[in-house]
Amino acid sequence: MFSLSRLSCFIAVAEELHFGRAAERLHMTQPPLSRQIQQLESELGVSLIDRTTRSVTLTPAGVAFLPDARRILQLAEGAALNVKRVPAGDLGTVVIGFTAASAHPVLPRLFDAARQQMPDVTLELREMVTAAQIEALMTGELDLGMARPPLKRPGLVSRPLLHEQLIAALPAAHPLVEVRRQLTLNDLDGQDMVMYSPVQARYFNELLISTFTIAGATPRYVQYVTQVHTMLVLVRSGIGIALVPASTATMHPEGVVFRSIGAFRERPVELDAVWRGDSTNPALLRLLRDVLPPREWTTDDLIEDFVG
């Protein structure tokens, strides 16, 4: 197979149509340049250049080969440059797991920051519940997770990414929509409620159970679901009310009214970034250093126009 140096010699002669100028361009003398062309022609089994005492011209084979030679050399040079960018985290792929409820407040900010800081790194997304993310991180299927605590597993490292409040999602025709004061947890006592699954959405299930227990309120759980999107569909259908992360209000679902709830402890819903402490993916390490915020994101500026 021909070498890249011989391709460079052929391209120089083909563009200059003069061995002396081509040799000067390549910082070499004419005899070794001529030998490089002869060896290339021998390897290809065709004549590429017609050379006389008066002129240098390309053969039909040389004319046909020149675009491919340029393309091969350009690809080789590009590959050499790209591979040098990988260890610095300027090029590569980061596979990110996320929960459905985290997509609206976090992913747009993450992508905007990544496009600015590391435009040539691919972010590949996988929607997973927290338990599935943890397993995928341990097996190497994911590089980074956006999951709900607790995330205690040997080898994993995490840090808070977002804290936000829970708000009530009400069917538009629900009587509580007409209440002019701020709602309280006691207003939900005895109300039909769409609840989070105790298995697939354990984080939210346990959070609400403990919250209602402390408040002394007992809603009627009429459905158990996993995803916030499904919960909003049921709310819109009048099945019941739901408590959802505040950033859910930015989805603008038709037929659903959002109301804040008083007497909640401050921003109880936590989302953490989690990754393997022994990860050697340079793109992930660059993302952790330059893209993820040094402090937690807040959704206050996103929700104030959508929550009553």
Side-chain angles (χ1 to χ4, degrees), residues 1-97 107-126 139-144 275-276 278-292:
M1 180 58 67
F2 48 80
S3 66
L4 296 178
S5 62
R6 287 174 189 158
L7 283 183
S8 297
C9 290
F10 167 70
I11 292 170
V13 174
E15 292 177 347
E16 299 292 341
L17 293 178
H18 191 283
F19 272 81
R21 290 194 298 269
E24 184 178 352
R25 170 174 154 180
L26 295 171
H27 306 288
M28 61 193 304
T29 59
Q30 290 189 49
L33 176 58
S34 296
R35 286 195 296 271
Q36 290 288 319
I37 297 298
Q38 291 168 359
Q39 291 170 348
L40 178 61
E41 290 176 325
S42 176
E43 290 166 346
L44 294 174
V46 295
S47 175
L48 299 173
I49 295 173
D50 281 334
R51 178 182 185 184
T52 69
T53 56
R54 293 187 177 182
S55 66
V56 174
T57 59
L58 294 179
T59 66
V63 171
F65 184 60
L66 180 57
D68 288 336
R70 287 172 173 152
R71 187 159 47 249
I72 292 169
L73 194 62
Q74 185 178 19
L75 287 172
E77 291 173 348
L81 291 174
N82 285 340
V83 76
K84 292 177 182 178
R85 299 175 63 197
V86 172
D90 294 331
L91 194 69
T93 300
V94 181
V95 183
I96 301 175
L107 289 184
R109 300 183 185 192
L110 179 70
F111 268 79
D112 286 345
R115 274 193 294 265
Q116 295 178 24
Q117 299 294 330
M118 11 186 344
D120 295 323
V121 170
T122 299
L123 303 185
E124 185 177 318
L125 298 177
R126 308 276 177 83
T139 61
E141 182 184 348
L142 290 183
D143 295 305
L144 178 69
W275 64 95
R276 286 179 59 134
D278 61 358
S279 175
T280 58
N281 182 345
L284 170 65
L285 301 180
R286 171 84 187 279
L287 184 144
L288 293 173
R289 185 186 73 235
D290 296 342
V291 174
L292 288 189

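As the structure is a computational prediction, the values presented were derived from the model and not from experiment.
- In terms of the side chain to side chain donor-acceptor pair (under 3.5 Å) criterion, S279 has no residue partners (sequence neighbours excluded).
- Residues I96 and L110 have side chains in contact (heavy-atom distance under 4.5 Å, counting atoms from C-beta outward).
- Residue T59 forms a side-chain contact (heavy atoms from CB on, under 4.5 Å) with just one option from V46, I49, D50, and that option is D50.
- Applying the salt bridge (charged side-chain N to carboxylate O under 4.0 Å, His left out) test to pairs two or more places apart or on separate chains, those with a residue in residues 23-37 are E15-R25, E16-R25.
- Shown here are the salt bridge (charged side-chain N to carboxylate O under 4.0 Å, His left out) partners of D112, two or more places apart in sequence or in another chain: R115.
- With sequence neighbours excluded, the residues that form a salt bridge (charged side-chain N to carboxylate O under 4.0 Å, His left out) with R71 are D68.
- In this structure, the side chain to side chain donor-acceptor pair (under 3.5 Å) partners of E124, at least two apart in sequence or on a different chain, are R126.
- Partners of V63 under the side-chain contact (heavy atoms from CB on, under 4.5 Å) rule, at least two apart in sequence or in another chain, are L58.
- The side-chain contact (heavy atoms from CB on, under 4.5 Å) search around T52 returns R54, S55, not counting sequence neighbours.
- Within the structure, the ring-ring contact (aromatic ring centres under 6.0 Å, His included) test picks out the following pairs touching residues 10-44 (sequence neighbours left out): F10-F65.
- Annotation for V56 and V13: closest pair CG1-CG1, 4.1 Å, computed over non-hydrogen atoms.
- A283 approaches V121 most closely through the heavy-atom pair CB-CG1, 3.9 Å.
- The side-chain contact (heavy atoms from CB on, under 4.5 Å) test applied to T122 returns T93, not counting sequence neighbours.
- Residues that satisfy the side-chain contact (heavy atoms from CB on, under 4.5 Å) test with L4, not counting sequence neighbours, are L7, I72, L73, A76.
- Taking the side chain to side chain donor-acceptor pair (under 3.5 Å) definition, one finds that R51 meets it with S34, sequence neighbours left out.
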